[in-house]
Structure formats: structure tokens, C-alpha cells
Protein chains: 2
Amino acid sequence: MDLRRLRYFVAVAEARSVGKAAERLRMAQPPLSVQIRKLEAEVGAPLFRRGTRGMDLTEAGQALLVRAGEALALAADGIEAARAVAAGSRGRISVGYMFVLANAMLPRLIPELRRSIPGVDLDFAELSASTREARLLDRSVTVALCMPAIHHPEIQVARIGAQPFMLAMPNRSPLARLSAVPMARLQGRPLIALPPPEQDPASSAVAALLRRHQIVMPIASRVETVHSAMSLVLAGEGLAILPACAKLGAPQGIVFRPLREASDSIDIAVCWRRDSQSPLIRTFLKCAEKVVARL
Amino acid sequence: MDLRRLRYFVAVAEARSVGKAAERLRMAQPPLSVQIRKLEAEVGAPLFRRGTRGMDLTEAGQALLVRAGEALALAADGIEAARAVAAGSRGRISVGYMFVLANAMLPRLIPELRRSIPGVDLDFAELSASTREARLLDRSVTVALCMPAIHHPEIQVARIGAQPFMLAMPNRSPLARLSAVPMARLQGRPLIALPPPEQDPASSAVAALLRRHQIVMPIASRVETVHSAMSLVLAGEGLAILPACAKLGAPQGIVFRPLREASDSIDIAVCWRRDSQSPLIRTFLKCAEKVVARL
DNA sequence: CCAACCCATACGTTTTCGGTATGCCAATGG
DNA sequence: CCATTGGCATACCGAAAACGTATGGGTTGG
């Protein structure tokens with residue numbers, strides 16, 4: 001059962017003549033005649049009534065014609081769809097992002113993506129750092145928005161921006177009256193910390209910052225998300241050192257202040273599998289860079 | 001775009017390995033590998049990720065796989081459907097019948113057909129004699145139930161039975177008291193006739209019957225259908241000479257009596273195009289014969 | 001470091017396809 | 001009644017595609 005045969009069959013059925021169909025198919029009449037007879041042999045029944053003025057479908061031929069036409073269309077659509085997916089004009093891109101970046105990036109990123117790649121399904125999932133890495137590796141997400149980047153031999157990283165660390169505190173805190181907080185003022189104050197470095201690399205950047213300035217902050221609580229951290233800060237449980245963009249999702253009553261002697265920042269990066277050959281990743285990267293530039 | 005390629009592609013995608021797929025396809029591995037690469041060249045993008053432990057679909061490959069599977073199924077279903085239609089286990093049979101036979105045959109014929117050819121669509125249409133012939137010739141009906149048969153070089157006829165002519169009259173008619181009516185008693189009485197012989201060959205049989213017995217019956221009315229004829233008979237407009245089976249659709253108040261000296265009858269026949277090769281016709285014929293035998 | 005596994009390439013053989021020439025049949029027209 | 005025309009079928013040949021065998025190369029696992 002060959003698709004070429006079916007194509008020839010459809011052509012002959014539509015032209016109601018072998019000769020006319022051969023002309024339209026840019027081939028000679030005899031080989032076309034042969035192919036039709038081979039198809040009939042394969043089916044085991046005549047598909048055409050041969051008249052003196054051309055060919056006419058039998059009932060069996062009519063039954064075949066419908067399916068053959070659909071099969072041809074499906075096959076053509078299939079390779080077209082594959083091409084479109086390969087070219088990035090169709091398909092799906094699944095994005096794993098981290099919680100802090102949701103408020104800062106998604107409201108601008110999603111419309112930007114819809115404009116750039118209108119035929120593509122978007123799929124966003126808020127994932128922890130370790131889950132993002134795992135899902136990138138098993139390909140269940142296409143790209144990850146990370147802060148900081150994932151380091152892994154299979155994973156490619158593009159740095160698209162950085163966020164300075166800022167101190168988050170309740171607005172009734174005495175430190176809130178300063179326009180920038182000297183590092184020394186943090187000494188001994190309770191810290192609301194994120195998961196330890198082995199689970200969340202962002203924490204190691206904070207730890208490094210404090211270590212460099214020889215500041216010790218007792219850990220009042222460890223929380224999973226920046227959102228929880230800010231809630232505890234608001235409750236007066238302690239201070240948090242967070243990327244500046246966390247401000248965008250902060251509740252009323254939290255203020256952010258820069259740290260005077262520290263110019264430390266944390267990278268925002270797009271990460272994907274090295275062997276992902278989807279052209280959508282390039283486009284995604286462009287969009288993400290554009291959004292971060294206006295942060 | 002070849003269906004064989006798509007079949008190979010689906011096999012490799014399902015086996016996730018060229019070697020396994022080749023084994024299942026009963027062929028060697030290298031040619032299969034070549035075909036897959038040719039398909040990829042045709043699409044213009046890789047469809048598989050080659051790993052060290054087999055092959056894995058890319059996104060483009062996944063997009064193709066869905067359509068390719070459907071296309072294969074449709075093509076296979078198409079030739080299967082064509083075979084089924086040719087074998088008579090599927091398809092459509094369109095039956096043109098004449099009005100008088102409706103009550104006599106259809107209630108038994110339709111269930112009989114449904115039992116014999118369950119996968120076949122039935123399509124019944126009540127048609128005049130000339131329309132039946134025309135629709136047989138242009139193939140818009142497959143078979144016709146006729147009384148009497150259609151005579152035409154393109155049309156094949158099978159006689160499946162006969163109906164004696166009977167006299168239809170109101171039950172208050174004096175003739176109704178006889179168990180059989182002598183031909184002579186018809187002389188001069190008004191006749192309710194069907195369309196003239198050139199339109200309906202049944203009329204010529206009636207005319208011949210009367211001529212042979214030298215009876216003259218003035219034509220009170222010409223009507224299109226047996227049903228109308230019986231209405232007029234009931235109204236006392238005249239008598240009608242009808243096939244015995246018309247009794248089955250007769251209204252209350254009409255009686256049928258045999259004609260004593262006349263053993264004339266009219267053939268019931270199944271007619272179809274000589275070049276209709278549908279095996280359904282044979283089955284239909286069998287069913288119709290069985291029904292007529294029990295009339 | 002060797003063996004096993006799996007895909008890719010190379011080459012010769014076979015099958016299949018397409019083109020040209022031609023035959024057959026029916027309908028048409030003088 | 002014969003010639004012509006139009007349309008499909010058959011025969012044969014050259015070309016293209018596919019298949020099988022042999023082999024290479026890369027990675028994994030012992």
C-alpha cells in the first residue's frame with residue numbers, strides 16, 4: 001500500500017480519465033495505467049469502470065477515494081507540521097520559572113512571547129531550583145528561568161541580567177529610615193533565610209556576601225519561597241536579603257533598601273538542554289532579554 | 001512523501017530503536033536507517049535524537065508521528081473498505097420500488113435485507129416506472145422492484161414471481177357477491193385506469209386482457225397510483241383491475257375478486273444495470289425471491 | 001582495554017518505476 | 001462501410017530506488 005498509488009488513484013478519480021490525470025501529474029499515460037491496475041490488484045476488486053469515454057469510479061472506488069484523500073491530506077499535513085515545529089512557527093514551549101521572577105517577568109514576558117511566536121503553545125510552571133534542573137534534563141520543560149544559573153554539563157546557560165541584593169524589612173523598622181543600610185548594621189540581627197545552598201544556589205550568594213563582610217546573622221527561620229520570607233519579615237521575625245525584583249511581589253508594609261558597601265548581585269539566566277535544537281529557545285531568549293532590560 | 005517511509009518512521013518511533021524496528025519489519029537494519037534519514041532530509045529537520053541506547057523522537061518527530069499514524073490507519077482502512085464494498089459486506093444499496101409493492105413486500109423485505117447484509121446502508125425510494133428506469137441507468141438506484149419488468153438493453157431482469165389480476169370494487173357492488181367475476185360482466189362498466197402504457201407498462205397488460213376477451217370498459221379516470229385508484233373505486237367512480245397484492249394496501253370497503261376466465265398475471269421482477277458488479281444485487285435478489293414466495 | 005551494542009556508510013544486487021512504441025476497442029463521421 | 005479518432009492496456013527497455021551484506025565508528029559496561 002503505497003502513498004504514491006493513492007495519489008495517482010485520486011488524480012485519476014478526479015480527472016475521470018487516465019490520460020488527463022497523467023497530464024496533470026506530468027507523466028506519461030501508460031505507467032499511470034499500470035499503477036492503477038496494480039492498486040486494483042492489491043485491493044482485489046476493480047476501482048473503476050472503464051468506459052469508452054474515460055474512467056468512472058465503482059462503489060468500491062468511491063469508498064476508497066474518501067479515505068485516500070484524507071490519508072494524503074494527513075500525510076502532507078504531518079510533514080508540514082514537523083517542518084513548522086522544527087522552524088519554530090508551531091509547537092510547544094514549556095517554561096520552568098522560579099517564584100521570585102513571577103511578578104517581575106511573567107506579566108511582560110507572556111505577551112511578548114505571544115507576539116513573537118503566535119502559533120506556539122506556552123506552558124508555565126513554577127518550580128524549585130532542583131526540580132527545574134531535573135525537568136530540564138528529562139525534557140519535561142524546554143527552558144528554565146533561573147536566579148542564579150543552573151550549572152550542569154548537559155545544560156546551556158545564557159545570562160540575561162542581574163539583580164542587586166537588597167535588604168527587606170518592615171517599614172516600622174528603624175533601618176527603614178536610611179536610604180542605604182551599612183553592612184555593619186546587620187550584625188547579629190535575625191535573618192529569614194531561603195533553603196540551604198545545596199537546595200537553592202541563591203542562598204550561597206547571600207552566605208558569601210555576609211561572610212565577605214564578616215557579618216553573622218542568626219537564622220530565625222528557613223522558608224521555601226520568597227513570598228514566605230516576606231511574610232515573616234512583615235511579621236517582625238527578622239530581615240531578608242533578597243534580589244531587588246522581589247519588591248514587585250512584596251506585600252504592603254515591606255520596604256527594600258540597598259546595602260551600602262555591597263554591590264553584590266545575582267544573575268538572572270535562561271537555561272536549556274544543550275541538545276535541544278528547538279529554534280523556539282532562541283526566540284524565548286530574545287524575549288526574556290528584552291523583558292529583563294526593562295526591569 | 002511515501003507511505004512506506006511513514007510506516008518505517010512509525011515503527012522506529014514505537015520501537016525507539018532502528019534495530020528493533022527492523023526486526024519487527026522483517027528487514028535488515030541498514031536500509032531502515034537509510035529510509036529514516038531520507039525522511040528527515042525530506043522534512044528538512046531531524047525527527048530523532050540519536051542516543052547511545054537507541055533513538056528518541058524530537059518535537060518535530062512527535063508532531064509527525066501523530067499524523068503519520070492516522071494517515072496509515074486511514075489508508076489501510078480505505079483499502080479495507082474498498083474490499084468490503086466489493087465483497088458486499090459493506091456499502092449502500094439503493095432500491096427503487098413501485099407503489100403497489102410497498103405494502104406487499106417492504107415490511108418483509110427490509111428486515112430480511114438487514115439480516116442478510118447487516119453492514120450495508122439501505123435506501124428505498126418509491127418511483128414511477130419511467131423514473132425507475134432512468135435512475136437505474138444513471139446509477140442513482142442500484143436495483144428496482146418492478147411489475148412488470150423493465151425492458152432495456154442495459155438492464156438485466158430477474159423474474160421473481162407473478163401476481164394474478166383481480167377486480168377491485170366497493171363491497172356494496174352487486175359483483176362483490178360473486179366468488180369470481182366472469183369477464184362478460186365487465187362489459188361497459190367504467191374503469192379506473194393507471195397511466196397509459198407508454199408511461200406504465202402495467203396498463204398495457206390490462207389493456208391486452210380486456211382486448212383478448214373483447215371487453216370494452218370506458219375509462220372513468222386515469223390516476224397516478226394504485227392508492228388513488230382504490231380511493232376512486234371506493235367512491236363508486238368505477239372498477240379497477242389490479243394485481244392481487246394491491247389488496248394488502250386496500251382501504252376498508254374495497255373487495256377483490258378473481259376474474260373467472262382470465263388467468264392473466266403480471267410479473268414481479270428485480271431489475272439492475274448489466275454492468276453493476278455489486279455482489280449486493282445477488283443477495284438482494286435472494287431476499288426478494290424469499291419474500292415473494294411467501295406472498 | 002576489550003567486548004557488546006547500536007547506528008551510519010559503502011557497495012553490489014534486485015525490484016520497481018517511468019518512458020516510448022504499439023495494440024485493441026469503441027464511437028464517430030464521411 | 002471503412003477510416004479516423006480518442007482512450008486505455010500491453011510490451012519492452014533504461015533509470016532510479018530499495019534491500020541485503022559487510023564494515024566502520026562511537027559509547028557503555030565489565
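Numbers restart at 1 for each chain; the letters A, B, ... are given by sequence-line order, proteins then strands.
Counting only distance, with no hydrogens or angles, the side chain of Arg274(B) and the backbone of Pro153(B) share a donor-acceptor pair below 3.5 Å. The main-chain N or O of Ala269(B) is never found under 3.5 Å from a side-chain atom of Asp267(B) such that the two would form a donor-acceptor pair. Within the 3.5 Å criterion, the main-chain N or O of Leu113(A) finds no donor-acceptor partner in the side chain of Ser116(A). Using modelled atom types, no side-chain atom of Ser276(B) and backbone atom of Ser278(B) make a donor-acceptor pair closer than 3.5 Å. Arg90(A) contributes no side-chain N or O that, together with a main-chain N or O of Ala84(A), makes up a donor-acceptor pair within less than 3.5 Å. Side-chain atoms of Arg92(A) never come within 3.5 Å of backbone atoms of Asp121(A) as a donor-acceptor pair (strictly under, hydrogens ignored).
For Leu3(B) and dC17(C), the CG to P distance is 14 Å, given to the nearest whole Å. Going from atom OH of Tyr8(A) over to atom P of dC17(C) covers 9 Å, rounded to whole Å. Residue Arg16(B) contributes atom CZ, which lies 17 Å from atom C1' of dC5(C) at whole-angstrom precision.
Put simply, Lys38(A) has a side-chain N or O that comes within less than 4.0 Å of OP1 or OP2 on dC17(C).
Running 5' to 3' along DNA chain D, contacts with non-hydrogen atoms of chain A at under 4.0 Å begin and end at dG6(D) to dT10(D).
Taking a 4.0 Å limit (strictly below) on heavy-atom distances, residues 17-26 of chain B reaches DNA chain C at Ser17(B), Val18(B), Gly19(B). Of the residues in residues 39-62 of chain B, those with a non-hydrogen atom less than 4.0 angstrom from any atom of DNA chain D are Thr52(B).
Across all non-hydrogen atoms, the minimal contact from Cys271(B) to Val157(B) is SG-CG2, 4.0 Å.
Axis orientation changes by 20° from one end of the helix from dC1(C)-dG30(D) to dG30(C)-dC1(D) to the other, with each end axis drawn from 5 pairs and the value rounded to 10°.
A salt bridge between Glu154(A) and Arg273(A) is present, with a side-chain N of the basic residue lying under 4.0 Å from a carboxylate O of the acidic one. A salt bridge links Glu80(A) with Arg83(A): the closest approach of a Lys/Arg side-chain nitrogen to an acidic carboxylate oxygen falls below 4.0 angstrom. Residues Glu70(B) and Arg67(B) are not paired through a salt bridge, judged by the lack of any N-O separation under 4.0 Å between the basic side chain and the carboxylate.
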For residues 39-59 of chain A, tabulate all N or O donor-acceptor pairs below 3.5 Å that involve a side-chain atom, not counting sequence neighbours.
unit_1	atom_1	unit_2	atom_2	d
Glu40(A)	OE1	Arg50(A)	NH1	3.1
Glu40(A)	OE1	Arg50(A)	NH2	2.9
Glu40(A)	OE2	Leu47(A)	N	2.8
Glu40(A)	OE2	Phe48(A)	N	3.2
Glu40(A)	OE2	Arg50(A)	NH1	2.8
Glu42(A)	OE2	Met1(A)	N	3.0
Arg49(A)	NH2	Leu57(A)	O	3.3
Arg50(A)	NH1	Phe48(A)	O	3.4
Thr58(A)	OG1	Pro46(A)	O	3.1
Thr58(A)	OG1	Leu47(A)	O	3.2
Thr58(A)	OG1	Ala60(A)	N	3.4
Thr58(A)	OG1	Gly61(A)	N	3.1

Got a list of protein N/O to nucleotides 9-13 of chain C N/O distances below 3.5 Å?
none

Step by step, would you call Asp275(A) with Arg139(A) a salt bridge (charged side-chain N to carboxylate O under 4.0 Å, His left out)? CA-CA 10 Å; Asp275(A) 62 2; Arg139(A) 298 181 207 280; 3.0 Å; yes
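No side-chain heavy atom of Ile268(B) sits less than 4.5 Å from a side-chain heavy atom of Arg159(B).
If you take CZ on Phe124(B) and CG on Leu145(B), they are separated by 7.5 Å, rounding to the nearest 0.5 Å.
When heavy atoms are screened at a 4.0 angstrom cut-off, Arg5(A) is found touching the sugar-phosphate backbone but no base atom.
Val143(B) pairs in a side chain to side chain contact (heavy atoms under 4.5 Å, CB included) with only one of the listed residues (Ile281(B), Leu285(B), Leu280(B)), which is Ile281(B).
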